[in-house]
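Down below is the structure, laid out as structure tokens.
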Amino acid sequence: MAESIERYQGWLEGVGLSDSTTELMLIKNLRLLEKDTITIAFAAEFSRGKTELINALFFSSTGMRLLPSSPGRTTMCPTELFFDQKEKPYLRLLAVETRANDTSIEEYKKQPKQWTHIELDCDSPDSMQDSFMELLRTKVVSAEQAKELGLAPADEQNDVTIPYWRHALVSFPHPLLEKGLVILDTPGLNALGSEPELTLSMLPNAQAMIFVLAADTGVTQSDMDMWQQHICTYRSKHPHGLAVVLNKIDTLNDELMSESAWMESIDKQTHETARLLELDKAVIFPLSAKQALIAKIKNDESALMNSRLAALEGFLSDRVLSSQKEILQQQVEDDVISHMQAAQKTLQKREQDIVKHVEDLQSIYSKSEDATAELLLITRKQQTVYTKNLAHLKTSRHLFNSQIDDLLQVVNPTRVQKIIDEGGESMIKSWTSVGIHQGMQGVFDGLNVLLNDALEASQASVHLLDGIYKKFKDEHDIDVQKPAVFDDTIYKEKLHQLLHEGLEFSSHSTAVLTGQGNLAKSFMETIGGQAVAIFQQAQTDIMTWKSLALSTLIREVSEQKKLMESKLESLRSVSAGQDALDEKLSQNAQKQQLITSAIDELDGMFVPIQFTD
Ligand SMILES: Nc1nc2c(ncn2[C@@H]2O[C@H](COP(=O)(O)OP(=O)(O)OP(=O)(O)O)[C@@H](O)[C@H]2O)c(=O)[nH]1
Ligand SMILES: [Mg+2]
């Protein structure tokens, strides 16, 4: 796809149809293809087997239990696994003390120096396993210190064991990671409530989420709490990206049990889980991560079958990975193909015009001098009209642009930031459930007012455009497609979703948040950052609208104007004699041939970009 887009870039230049807007659109799409990553997040209470499952799904080929998994609390910090081709494999760790700063993890990721860097020796499994022990590291701090980091409730008196690291990044050469897969392993027990960025940004943005339950414990109250607080909101956002794993089915079996009794008990639990979570049984996967890992390492086909891992693998590759790929390809395809279709039309029009022009020239052969003079006069008049139209169009564009600049002022992210800062300040001061709810509602009301203002401001521009397009269609039969109008509903929806997530988070985390100035701040930072991002997107979309709104029309009118000019020139050359006319005819024939072959070349480019169909 990327290759074809690059070819198209070259083609556009060759036929003189390349401009900066188009160039930007193509570059944006090439970047999208390049950065094509898919994140699968694993969330659950502690000890349900998240890490073991990740080992079984992705890392059995290392021949070992790559990531540490053991009874009790194991993983202490969120761990992202991916492949960074720019550097040798590594483990990077961010100190837990950074929680006291305002800086987000996303921001820290841009500053590798702030992380403890451990190079991974992929040739030595033992040393790698050693390095990964860092993921389990904890330390004991005073109650005061723990409170400062937002890791202990306000009334804590005793020393507290806290994670040593706040976040871990693992770059590891694995075929799936190399293709752009990112895996997010999270620690059970409260991690979701205490790291707002994880809960409000990393998890909701993952393309798939796997919620893990264990058959030996069944669905406990704390599983249910987690499900209701964090996973349900995810589900409403990505209805097809959620899977629930009922892990440890091997524990339901013992040597005295018949195979069918075991199956029955698995079935019963699956059914019960589906009922409790109000889910379709099809997205619940009973399996044994431990058996699967061991079976894969030992190459034991029948044990692997018994572990039932294959069903989950099927779900991930068919439902998640390939559908995500399709969505991305569709996005790129829509953008590029519609541009190609417009270019195709332009060239076809050019071809028709030349054919018409050649016919005109041929008819001059047989015409009297008077008739030629008359044709010259008509063409001149037409040319004047087009010159005027072009001028008119440019004035309109000026007007349109200044309207859009006003619109951009309305959705300016600095204004958004101001609303958030003001609202946030008062919320941090009155950090109670009611205070947070009211404060957040107030902030979001303010943001919605901005969007309504923006919609109002954009109406005038929409009318202006409608008028211009109508004039050219009615008076000059120029019918080009209008670009899509800036549509504020998507941003409204996104804001609504964000408010909902923020309220959910704060109402379940007040115990941890109470009196934790820093945590309250980082919560506001995360919410604010996402809101600003929504408005930045709106701004980008408006700018795209600004650059696209009149460009096709202007291009079309300039084409017409050029055509008139060349027609005039031909007509003038008639008076210079028969030879000149012959020369003009052969020049035009050549032009026509060039255009025809350019159209052929373009036709051949559609298929490679549409290969998903
Ligand atoms: N019997 C059995 N034990 C399993 C299975 N999967 C995991 N375990 C065990 O359960 C324990 C916990 O597994 P982990 O993978 O560390 O669990 P986790 O969800 O990552 O836990 P935290 O990292 O603490 O959040 C380990 O001792 C695993 O060996 C399974 O399918 N069957
Ligand atoms: Mg774990």
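Counting starts at 1 for both ligands and their atoms, following the listed order. Fair warning: this is a prediction, and the values are worked out from it, not measured in the lab.
Atoms of ligand 1 lying under 4.0 Å from at least one heavy atom of Ser288, given by number and element, are 30 (C), 31 (O), 32 (N). Interface atoms of ligand 1 facing Ser69, defined by a heavy-atom separation under 4.0 Å, are 13 (O), 14 (P), 15 (O), 16 (O), 26 (C), 28 (C), 29 (O). Using a 4.0 Å cut-off to heavy atoms of Gly188, the atoms of ligand 1 that qualify are 25 (O). Ligand 1 places these atoms under 4.0 Å from at least one heavy atom of Thr251: 1 (N). Ligand 1 places these atoms under 4.0 Å from at least one heavy atom of Arg73: 24 (O).
Tested against Phe172, the residues Phe82, Phe59, Phe83 include a single ring-ring contact (aromatic ring centres under 6.0 Å, His included) partner, Phe59.
Sorted pairs that involve residues 200-219 and meet salt bridge (charged side-chain N to carboxylate O under 4.0 Å, His left out), not counting sequence neighbours, are lacking altogether.
When non-hydrogen atoms are compared, ligand 1 lies under 4.0 Å from the backbone of Thr75 as well as from its side chain. Counting heavy atoms closer than 4.0 Å to ligand 1, residue Asn247 contributes side-chain atoms (C-beta onward) but none from N, CA, C or O. With a 4.0 Å heavy-atom cut-off, ligand 1 is reached by the backbone of Ser47 and by its side chain too.
In this model, a donor atom of one side chain and an acceptor atom of the other lie less than 3.5 Å apart for Glu52 and Ser69. Residues Thr51 and Asp185 have side chains that bring a donor and an acceptor to within less than 3.5 angstrom of each other. Side chains of Asn448 and Tyr491: no donor on one and acceptor on the other come within 3.5 Å. When only modelled atom types and interatomic distance are considered, Ser124 and Asp121 share no side-chain donor-acceptor pair under 3.5 Å.
In this structure, CZ in Phe211 is found 11.5 Å from CZ in Arg235, a value given to the nearest 0.5 Å. Within the model, atoms CG of Leu81 and CG of Leu169 stand 9.5 Å from one another, a figure rounded to the nearest 0.5 Å. From Thr217, atom OG1 reaches atom NZ of Lys248 across 7.0 Å, with rounding to the nearest 0.5 Å.
Checked by distance only, ligand 1 and Gly49 come closer than 3.5 Å through their nitrogen or oxygen atoms. Below 3.5 Å of separation, one finds no N or O of Pro68 facing any N or O of ligand 1.
A salt bridge is absent between Glu148 and Arg99: the closest approach of a Lys/Arg side-chain nitrogen to an acidic carboxylate oxygen does not fall below 4.0 angstrom.
Below the 2.8 Å limit, the Mg ion (ligand 2) has as protein N, O or S neighbours Thr51 OG1, Thr75 OG1.
The aromatic rings of Phe58 and Phe42 sit perpendicular, their planes meeting at an angle over 60°, well past the 30° parallel limit.
Heavy-atom separations between Gly72 and ligand 1 include at least one value shorter than 4.0 Å. By the 4.0 Å heavy-atom criterion, Pro71 is counted among the residues contacting ligand 1.
Closest approach of Asn247 to Arg48, counting heavy atoms only: ND2-O, 2.9 Å.
By heavy-atom distance, the residue among Glu52, Gln291, Glu45, Met76 lying nearest atom 15 (O) of ligand 1 is Glu52.
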